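Quick note on labels: first sequence line is chain A, next is B, and so on, each numbered from 1. Keep in mind the model is a prediction, meaning the values are calculated, not measured.
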2 protein chains.
Amino acid sequence: MDDPKPTELMFDMDAPVCHGLGDTQACSGKKRGRPRAFCTEAVLETALELFWMKGFAATSLDDISAATGVSRPSLAAAFGDKEAIYIKAMERYQEDLRSQLDGVLTCNGEGDSMRAIIDRYFDIMIAAYTGEQDHPLGCAFMCTALNEAPQHESILEMLQATIEGFDRRFQSFFEGARYFGCLRGDQDPKVLTQMISGLTSNLLMRARAGAGRKELTDIARATTAFLFP
Amino acid sequence: MDDPKPTELMFDMDAPVCHGLGDTQACSGKKRGRPRAFCTEAVLETALELFWMKGFAATSLDDISAATGVSRPSLAAAFGDKEAIYIKAMERYQEDLRSQLDGVLTCNGEGDSMRAIIDRYFDIMIAAYTGEQDHPLGCAFMCTALNEAPQHESILEMLQATIEGFDRRFQSFFEGARYFGCLRGDQDPKVLTQMISGLTSNLLMRARAGAGRKELTDIARATTAFLFP
DNA sequence: ATATTTTTATGCGACTTCGCAAATAATTCT
DNA sequence: AGAATTATTTGCGAAGTCGCATAAAAATAT
């Protein structure tokens, strides 16, 4: 349950991590053989960008290899097959987003209004969907995983886990808010969670279709104003 | 504007159409050369199913050829390249859905409540997303077009047109409803349209992730009850 | 120093995917 | 009947995609 894929690649969980600039030297660790010539994090980062633009099926291992300078066999040794690379890149993406949300999605009963909190949540998501690109790309995971879910078991499982995690997070958030008296009686945590889920999906879809930051924030503001009058 | 692709294939707009069972004989028409041995509608139907399951990038012309029994050159002659087949299959899909909605999405001021109308709308969408499959597949267009939009101009344009059409439809529907006094003063047609858009996206996403008809209708009922109390 | 371990580099082989061209078949026009 | 038109069939060729196998390189262990 907690570990959907007991794969053979768990060992590189404790591989040397270079969080600095994209250096080529391995940072530390006293592993036995020849050290990695590339940073796995940097590879996953550029793999993410490729998947984000082209989707899973249309990005080849050759694409990733060319964009990173890492040969295909090295990619296979470090991550596994394409599906494994995709999963790891998306987990990284989600983790980054999650950590941004941690600072925002808390309700301790004082301070901001519910509406201000949700507004900040949407600001973060819109920034992620919009990026610095000339053309916004929407959500890297949703816009690509929905496409692959029926054909790729691991992606389907990650999709389900993502939805469940989203629901859990918002539901407990709203339950906390209700506990602290920040919610009206007619505002059910379950229903509100579905509302936020829907509005988020709406934004991510429109971003992928080309909607810019201003258009999206306008939509977000108007809808949250409706939800939390 | 009205014709995004002035392609060479417009002539088959008036090609013989067989709306009957999947026969092999051309139905009518007095065109010059050898008649088609297959029904273009039937081909687009099975192409749709393939795209629906596997997405655009992962379904090859060989897949479509094998599933329909029509050779690749014949497909190319009849429809164009893969992108053109996809567009035509999805237009057919949308047209079918649109016609179902026509009977439901009208507000003449009497009869049903707003909530009942929206409930019927969601019933239709949920049925489309759920189908008779063992595993629900979500929206054939959204779940696949979002993936391809950044890389395929024609798909991006269709995505934008779909969103605009959705917005226009619901906005004028809600404006009509307001005119007939079916809407409270705080229910803005624009905001309601975004809400419905979001809830629809939410359902289509969860369907693709495996949510069944009951789960989806429960969500739909709870959210529309919130929107139209 | 030598052996062991791990990564890297190179390349082959099988398969897929797609566009295209040439020959054949079926139908209408004159 | 013969010409013209359109579809179908068959097959080739180029490019892409991926897994794998082999040899070389770079580090540690003994």
Side-chain angles (χ1 to χ4, degrees), chain A residues 8-18 23-40 42-43 47 50-51 54-86 151-152, chain B residues 7-18 23-40 42-43 47 50-51 54-86 148 151-152:
Chain A
E8 68 289 353
L9 290 163
M10 284 331 225
F11 63 86
D12 86 340
M13 275 300 163
D14 48 355
V17 175
C18 42
D23 54 4
T24 60
Q25 296 281 80
C27 300
S28 68
K30 329 186 174 186
K31 285 197 325 196
R32 221 15 176 88
R34 175 175 177 169
R36 283 240 168 75
F38 58 91
C39 175
T40 58
V43 166
L50 290 174
F51 286 134
K54 307 172 59 170
F56 172 78
T59 74
S60 66
L61 292 180
D62 281 327
D63 289 335
I64 302 176
S65 178
T68 58
V70 177
S71 70
R72 251 196 352 269
S74 292
L75 289 176
F79 305 105
D81 62 2
K82 195 168 81 164
E83 212 167 306
I85 299 182
Y86 176 84
Q151 298 289 311
H152 299 274
Chain B
T7 120
E8 67 288 353
L9 290 165
M10 283 330 225
F11 64 86
D12 86 340
M13 275 300 165
D14 47 356
V17 175
C18 44
D23 54 3
T24 59
Q25 297 281 79
C27 300
S28 69
K30 326 183 173 190
K31 283 195 328 192
R32 206 50 158 68
R34 174 175 179 172
R36 282 237 169 77
F38 59 91
C39 175
T40 58
V43 166
L50 290 174
F51 286 134
K54 306 173 61 171
F56 171 78
T59 72
S60 67
L61 292 179
D62 281 327
D63 289 335
I64 302 176
S65 177
T68 60
V70 177
S71 69
R72 253 199 347 271
S74 292
L75 289 177
F79 305 105
D81 62 2
K82 194 169 80 166
E83 213 167 307
I85 299 182
Y86 176 84
E148 313 297 336
Q151 299 289 311
H152 300 273

Taking the side chain of B:F38 as its heavy atoms from C-beta onward, which of C:dG19, D:dT8, C:dA26 lies nearest to it?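 Side chain of B:F38 sits closest to D:dT8.
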Looking just at side-chain N and O atoms, do B:D62 and B:S65 make a donor-acceptor pair shorter than 3.5 Å?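 Side chains of B:D62 and B:S65: no pair found under 3.5 Å.
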Looking only at side-chain N and O atoms, does [X] come under 4.0 Å of OP1 or OP2 in [N]?
X     : N      : value
B:R36 : D:dA7  : yes
B:S60 : C:dT17 : yes
B:S74 : D:dA7  : no
A:R32 : C:dT4  : no

What's the separation between atom CD1 in B:I64 and atom CG in B:L50, rounded to the nearest 0.5 Å?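 Reported to 0.5 Å precision, the distance equals 6.0 Å.
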DNA chain C: 5'-proximal contact among B:P73 and B:G33 (nearest heavy atom):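 This one resolves to B:P73.
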[X] [atom1] to [N] [atom2]: how many Å, rounded?
X     : N      : atom1 : atom2 : value
A:D62 : D:dA15 : CG    : P     : 15 Å
B:L75 : D:dA7  : CG    : P     : 13 Å
B:K82 : C:dT16 : NZ    : P     : 15 Å
B:E83 : C:dG19 : CD    : P     : 11 Å
A:R72 : C:dG11 : CZ    : C1'   : 10 Å
A:K54 : D:dG16 : NZ    : C1'   : 11 Å
A:D63 : D:dC18 : CG    : C1'   : 13 Å

Pair B:I85-B:L61, side chain to side chain contact (heavy atoms under 4.5 Å, CB included): steps then yes or no: CA-CA 9 Å; B:I85 299 182; B:L61 292 179; 3.9 Å; yes
Counting N and O atoms only, with roles assigned by atom type, does the side chain of A:K54 sit under 3.5 Å from a partner on the main chain of B:E148, one being a donor and the other an acceptor?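 Checking the backbone N and O of B:E148 against the side chain of A:K54, no donor-acceptor pair under 3.5 Å is found.
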Using the ring pair (Phe, Tyr, Trp, His ring centres under 6.0 Å) rule, take B:H152 and B:F56 through it: C-alpha gap first, then chi angles, then the decisive distance, then the call. CA-CA 11 Å; B:H152 300 273; B:F56 171 78; 5.0 Å; yes
Looking at C:dT6, does its base get a donor-acceptor pair with the side chain of A:R34 below 3.5 Å?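 Counting by modelled atom types and ignoring angles, no donor-acceptor contact under 3.5 Å is found here.
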